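Here is how names work: the chains are called A, B, and so on, in the same order as the sequence lines, proteins then strands, and each is numbered from 1. All of these numbers come straight from a predicted model, not from anything done at the bench.
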Protein chains: 2
Amino acid sequence: MGAEQARSAKRADARRNEKALLDAAAAVFVTDGVDAPVRKIAAEAGVGMGTIYRHFPTRADLVIAVYRHQVDACAEAGPALLASAESPFAALREWVNLFAEFLVTKHGLANASRSDPDGFAALHGLFLERLVPVLGDILTAARESGELTADIAPYQLLRAIGDICAGAERDDPDYDARLTLRLLLDGCRA
Amino acid sequence: MGAEQARSAKRADARRNEKALLDAAAAVFVTDGVDAPVRKIAAEAGVGMGTIYRHFPTRADLVIAVYRHQVDACAEAGPALLASAESPFAALREWVNLFAEFLVTKHGLANASRSDPDGFAALHGLFLERLVPVLGDILTAARESGELTADIAPYQLLRAIGDICAGAERDDPDYDARLTLRLLLDGCRA
DNA sequence: GAATATACGGAGCAACGTTCCGGTTGGCAA
DNA sequence: TTGCCAACCGGAACGTTGCTCCGTATATTC
């Protein structure tokens, strides 16, 4: 309720700038990571610094706005995989890979989280809110099918994946986050 | 060779300041993390900013100097555990816990690594140089005893542990890095 | 077309990393 | 002991960043 109204209550230029900022941020995040200087994002969008802070008071607000629909896509893939995969555990594997791929492409995401406590909390909240229930369903299904034996909470597994992928951001030919994830999943059914 | 000589070739005040800096940094790192402002460390040591940069050109140099003997202790514990534990795999478990404990107590260590590429490389180098061989021996022993089946390189495992613990720095009652590590190790012998 | 609320831009402040150089001092030779 | 010089010290100064604040511009409404 009211969301639509609130949005149309905004001035046209404000809406335009918000979109420009979102596009600019997405572009800059790819090249410079989410720690990119605020000035650079503002310049890329062709707006002043005040504008960026008015629309997104916190850096986390901007990051969340940029990635929200990607997180949504990840969340929606959960039930789909559960329906299409050979077994619930296979679905778990695939979903974990999907989530990992998303994380790895987000340069320096973990970095921003750690350097700014508020940002961490916000990002954390978004991920948890959307993904914990999804992963929870997959884990329950895998447990009921008898493939999953480890007593691990969705939150715990989600964080483990996040941490493992956070460290794998930089290109290192000798380190393969997927292998670590595979071993971790193996450990969950041992 | 010559290390002793090189050290005594330094002037007395230089040696004194280096020690003061080391002590100050160790103290400040505990409270503020390894990202603590340079000025604060200098002030704590009672020296100027120039002094800190002369002795430790890079932040990583300082961090390494502070933690080097702790890393050494970790490295030396490897053979000891291998000799005392019930089995090589048990030694692996214990050594991983030891290393994890060391990492978790170093607030923001991963943080500094990521924010400064040079620092990352230096720290990385120290860890690899000292710990990869040690972990390699343990893994080989565990593999020969038949307990370890996964084909995982020491470097790969070391990084996985590092990443998992790096994310577990802040106190979160709902997340237990040890559980993740246990599952990962289980996966290595499945 | 005028009035008003809303949004914009960028100057300005504080905090930080890092460099640089004039002043100081420890150690050695005479 | 004294004097000299290389080594060392301190902190001012510069560039970059995050964030705030307010005079100006403009979209919307009547």
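- Using a 3.5 Å distance cut-off with no hydrogens or angles, the side chains of A:Tyr175 and A:Thr180 do pair a donor with an acceptor.
- Summarising the geometry, the separation between CZ on A:Arg54 and P on C:dG10 is reported as 13 Å, rounded to the nearest angstrom.
- Considering only heavy atoms from C-beta on, A:Arg159 comes within 4.5 Å of A:His124 through its side chain.
- Between the OH atom of A:Tyr53 and the C1' atom of D:dT17 there is a distance of 9 Å, rounded to whole Å.
- For B:Ile52 and D:dG11, the CD1 to P distance is 14 Å, given to the nearest whole Å.
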request  = Before giving the answer on salt bridge (Lys or Arg N to Asp or Glu O under 4.0 Å), spell out for B:Lys40 and B:Asp35 the whole-Å C-alpha distance, their side-chain angles and the decisive distance to 0.1 Å.
outcome  = CA-CA 11 Å; B:Lys40 183 160 186 177; B:Asp35 283 337; over 6 Å; no
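- Interface remark: the B:Arg11 side chain does form a donor-acceptor pair with the D:dA7 base, using a distance-only criterion of under 3.5 Å.
- Here C:dC16 is the nucleotide among C:dC8, D:dA7, C:dC16 with the atom lying nearest to any side-chain atom of B:Arg39.
- With rounding to whole Å, B:His55 atom NE2 is found 16 Å from C:dT19 atom P.
- Between B:Asp35 atom CG and C:dG17 atom P there is a gap of 9 Å when expressed in whole angstrom units.
- Nearer to the 5' terminus of DNA chain C, by closest-nucleotide assignment, is the contact made by A:Thr51 (compared with the other of A:Thr51 and B:Asp13).
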request  = Step by step, work out the salt bridge (Lys or Arg N to Asp or Glu O under 4.0 Å) result for A:Asp23 and A:Lys19.
outcome  = CA-CA 6 Å; A:Asp23 291 346; A:Lys19 172 140 179 32; 2.9 Å; yes
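- One can place CZ of B:Arg15 at 13 Å from C1' of D:dA7, the figure rounded to the nearest angstrom.
- For the pair A:Glu101 and A:Arg178, the salt-bridge criterion is met [side-chain N within less than 4.0 Å of a carboxylate O].
- Of the inter-residue distances, the one linking A:His69 atom NE2 with A:Leu22 atom CG reads 8.5 Å to the nearest 0.5 angstrom.
- Distance check, rounded to the nearest 0.5 Å: CZ of A:Phe89 to CG of A:Leu185 gives 5.0 Å.
- Residue A:Asn17 contributes atom CG, which lies 12 Å from atom P of C:dG10 at whole-angstrom precision.
- For A:Arg59, whose side chain is taken as the heavy atoms from C-beta onward, the closest listed nucleotide among C:dG9, D:dC8, D:dG18 is D:dG18.
- For the helix from C:dG1-D:dC30 to C:dA30-D:dT1, the terminal axes (five pairs an end, C1' atoms, rotation from four pairs onto the next four) enclose an angle of 0°, given to 10 degrees.
- Map B:Pro57 and B:Ala12 each onto its nearest nucleotide of DNA chain C; the residue landing nearer the 5' end is B:Pro57.
- Regarding A:Met49, its CE atom lies at a distance of 15 Å from the P atom of D:dT16, rounded to whole Å.
- Residue B:Val38 places its side chain closer to C:dT18 than to any other of C:dT18, C:dC8, D:dG10.
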